[in-house]
Visitor: 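Right, I'll just put the structure down here and ask away after.
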Amino acid sequence: MKSVLAKAIGLVIAGTALSGSAAASTTMYNTFTTTDTSATDGWTRTFDGADVDSVATGPESQGNKGTLVPWVGTTGNALPYSYSGSSHLNWAVQLSGAGDSAVISAADSAKYAGTVTGFTQAEIDTGGGAWNDNGLNAQGQATVNGPTGWRHQTDIGLISSDVTQKVTINLSTTNSLFSRFGVTVFEGMDTNTGNYSHHGSWNCPGCTPAKPFTAENPFGTTGLTNIGHSDNVTDTIGYTFTAEAGKVYSLYLGGVGFDRWNSGVAGYKLDLATSPVPVPGAVWLFGSAIAGMIGVNRRRLSAA
């Protein structure tokens, strides 16, 4: 009985110790870049397709053909977390203990300059209407479907943590072009190896059929479970979710309401902060009761 009680107390104490520890995070970046800021970045492969112009591009690869694009910050410049999906992927981050933090930005990626031939910094940008646009066409008139999100400029990142903890996301543009972002968090990562297209809409309740904010696999992916979203993330207003130890989460992000899908593109800085998952009060009361019982037993043994 005594050993069982002691073990229970140990587990409570160990949980507290883990929640207070902190170590360095690891950020990882795709080295694919574009020559046009409105073009989709984050392709994981390049391929010279049907046009046979001797120029290998991301879109021609359809995400599953051609040469793998090297990453920085990963072992052997491989894709993070053995990613095998076809959809585009911009960055990844590995978090350690609660209290750890990380920054995703072009400036942060520059620490890897020269580790891949020609690499200086990653292309970390998104459109002001990528997660949900302003609902206007090029002539400034309201669209039939209303505000809509677009794959084309949505950035995708992967997040994993060594321990179960709360992860809070804040976002800002590097040139103050717009301040409001939308984020959607999915448990899992894309495992669909079929042809992928960066064209198409999402986050469009007014579309037929409707494309709700809570949809699973909105980009035609496989393996994503929608666990939450926010349409109002800024540098001061965060979005928090619980990351379970060892699981991989996909974060889809973009601007909200600022512009159309192909304009208002800006670099962004993503801040990740962590904190321990609150321990229910009942657990602490239970631990205190157990500690008291052990103390009483010890006094009885001493008296005997």
Side-chain angles (χ1 to χ4, degrees), residues 28-32 39-47 49 57-71 74-75 77-95 104 126-127 130-132 148-161 164 167 169 182-205 207-231 239 241-254 261 270:
M28 299 158 268
Y29 296 92
N30 189 335
T31 64
F32 181 91
T40 301
D41 49 38
W43 289 96
T44 61
R45 292 174 179 268
T46 58
F47 181 68
T57 68
E60 287 178 275
S61 77
Q62 297 181 299
N64 59 6
K65 303 176 184 67
T67 304
L68 282 170
V69 176
W71 277 59
T74 60
T75 302
N77 303 117
L79 286 161
Y81 308 119
S82 300
Y83 180 77
S84 62
S86 298
S87 69
H88 67 276
L89 182 65
N90 300 87
W91 51 263
V93 60
Q94 180 66 41
L95 298 167
I104 293 293
T126 188
W131 196 87
N132 209 224
T148 303
W150 302 95
R151 300 183 191 183
H152 201 86
Q153 282 296 334
T154 298
D155 261 26
I156 303 173
L158 301 179
I159 301 171
S160 188
S161 174
T164 297
V167 177
I169 299 160
V183 300
T184 306
V185 178
F186 302 89
E187 181 179 312
M189 56 183 172
D190 181 26
T191 56
N192 184 4
T193 57
N195 293 341
Y196 172 74
S197 172
H198 61 302
H199 296 294
S201 60
W202 72 306
N203 287 346
C204 181
C207 286
T208 304
K211 298 179 179 181
F213 297 104
T214 55
E216 321 276 15
N217 298 297
F219 286 18
T221 51
T222 301
L224 302 184
T225 301
N226 191 319
I227 64 171
H229 71 277
S230 173
D231 66 354
Y239 176 76
F241 72 99
T242 299
E244 295 184 36
K247 289 187 176 181
V248 177
Y249 297 85
S250 295
L251 175 68
Y252 285 40
L253 67 90
W261 67 271
L270 182 149

Visitor: Show the nearest heavy-atom pair for residues Gly42 and Phe32, with the distance to one decimal.
Guide: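 So the two residues come closest at N-CD2, 3.7 Å.
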Visitor: Within the structure provided, determine whether Glu216 and Leu224 are in side-chain contact (heavy-atom separation under 4.5 Å).
Guide: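 No, side chains not in contact.
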Visitor: What I'd like to find out is whether the side chain of Thr184 reaches to under 4.5 Å of the side chain of Trp131, using heavy atoms alone.
Guide: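 They are in contact (side-chain heavy atoms under 4.5 Å apart), so the answer is yes.
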Visitor: Look at the side chain of Asp41 and the backbone N and O of Asn90, then say whether any donor-acceptor pair between them is shorter than 3.5 Å.
Guide: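 Checked: no pair found.
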Visitor: Quick one: does Gln153's side chain have a donor or acceptor within less than 3.5 Å of a partner on Thr126's backbone?
Guide: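 Judged by distance alone, no pair lies under 3.5 Å.
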Visitor: Tell me whether Glu60 contacts the main-chain N or O of Gly49 through its side chain, where contact means a donor paired with an acceptor under 3.5 Å.
Guide: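 Checked: pair present.
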Visitor: Using a 3.5 Å distance criterion without hydrogens, assess whether the side chain of Asn226 forms a donor-acceptor pair with backbone atoms of Phe213.
Guide: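 It does hold such a pair.
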Visitor: What distance separates Ser201 OG from Arg151 CZ, expressed to the nearest 0.5 Å?
Guide: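 It is 8.0 Å, given to the nearest 0.5 Å.
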Visitor: Between Ala210 and Pro205, which heavy-atom pair has the shortest distance, and what is it?
Guide: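 What the structure gives for the nearest pair is CB-O, 3.4 Å.
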Visitor: Does the side chain of Pro59 come within less than 4.5 Å of His198's, by heavy atoms?
Guide: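 Yes. Closest side-chain heavy atoms under 4.5 Å.
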Visitor: Can you tell me how far apart CD1 (Ile156) and OG1 (Thr221) are? Round to the nearest 0.5 Å.
Guide: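 The OG1 atom of Thr221 is 7.5 Å from CD1 of Ile156, to the nearest 0.5 Å.
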Visitor: Residues two or more places apart in sequence or in another chain: which of them pass ring pair (Phe, Tyr, Trp, His ring centres under 6.0 Å) with Tyr252?
Guide: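 Counting only residues at least two positions away or on another chain, Tyr252 forms a ring pair (Phe, Tyr, Trp, His ring centres under 6.0 Å) with Phe186, Trp202, Phe219.
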Visitor: Quick check: closest heavy atoms across Tyr239 and Ser230, and the distance to 0.1 Å?
Guide: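 Looking at all heavy atoms of both residues, the shortest contact is CD1-CB, 3.6 Å.
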Visitor: Would you confirm whether Ser84, through its side chain, and Thr191, through its main-chain N or O, come within 3.5 Å as a donor-acceptor pair?
Guide: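 Not confirmed, Ser84 side chain does not pair with Thr191 backbone.
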Visitor: Can any side-chain N or O of Asn30 pair as donor or acceptor with the backbone N or O of Val69 at less than 3.5 Å?
Guide: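 Answer holds: no.
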Visitor: For the atom pair OH (Tyr29) and OG1 (Thr74), what is the distance rounded to the nearest 0.5 Å?
Guide: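 Those atoms lie 13.0 Å apart.
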Visitor: Considering all heavy atoms of both residues, which atom of Gln94 and which atom of Met28 are nearest to each other, and what is their separation?
Guide: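 Closest approach of Gln94 to Met28: N-CE, 3.7 Å.
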Visitor: Just verifying a value: how many Å separate Leu251 CG and Ile169 CD1, rounded to the nearest 0.5 Å?
Guide: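 It comes to 4.5 Å.
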Visitor: Would you please test Val248 and Tyr83 for side chain to side chain contact (heavy atoms under 4.5 Å, CB included) and show each step?
Guide: CA-CA 10 Å; Val248 177; Tyr83 180 77; over 6 Å; no
Visitor: Taking the side chain as C-beta and beyond, is there a heavy-atom pair between Tyr249 and Val167 under 4.5 Å?
Guide: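 No, their side chains stay 4.5 Å or more apart.
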Visitor: Mind checking the CG-OG1 spacing from Asn217 to Thr225? Nearest 0.5 Å is all I need.
Guide: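 Here the interatomic distance stands at 7.5 Å.
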Visitor: Output yes when a side-chain donor or acceptor of Ser86 lies under 3.5 Å from a complementary backbone atom of Gly194, and no otherwise.
Guide: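 At least one qualifying donor-acceptor pair exists.
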Visitor: Let's go through Ile159 and Tyr81 carefully: what are the C-alpha distance in whole Å and the side-chain angles of both, what is the deciding distance for side chain to side chain contact (heavy atoms under 4.5 Å, CB included) to 0.1 Å, and is it a yes or a no?
Guide: CA-CA 10 Å; Ile159 301 171; Tyr81 308 119; over 6 Å; no
Visitor: For the NE2 atom of His88 and the OH atom of Tyr196, what is their distance to the nearest 0.5 Å?
Guide: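 Result: 4.5 Å between the selected atoms.
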Visitor: Test of understanding: with salt bridge (Lys or Arg N to Asp or Glu O under 4.0 Å), list the residues that count as partners of Glu244, not counting sequence neighbours.
Guide: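 By the salt bridge (Lys or Arg N to Asp or Glu O under 4.0 Å) rule, Glu244 matches Lys247.
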Visitor: Yes or no on side chain to side chain contact (heavy atoms under 4.5 Å, CB included) for Thr46 and Ser61, after CA distance, side-chain angles and deciding distance?
Guide: CA-CA 5 Å; Thr46 58; Ser61 77; 5.6 Å; no
Visitor: Just jot down the salt bridge (Lys or Arg N to Asp or Glu O under 4.0 Å) partners of Asp231, sequence neighbours excluded, or say none.
Guide: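 For Asp231 the salt bridge (Lys or Arg N to Asp or Glu O under 4.0 Å) partners, ignoring immediate neighbours, are Arg180.
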Visitor: Please lay out, stage by stage, how Val185 and Ser250 fare under the test side chain to side chain contact (heavy atoms under 4.5 Å, CB included).
Guide: CA-CA 6 Å; Val185 178; Ser250 295; over 6 Å; no
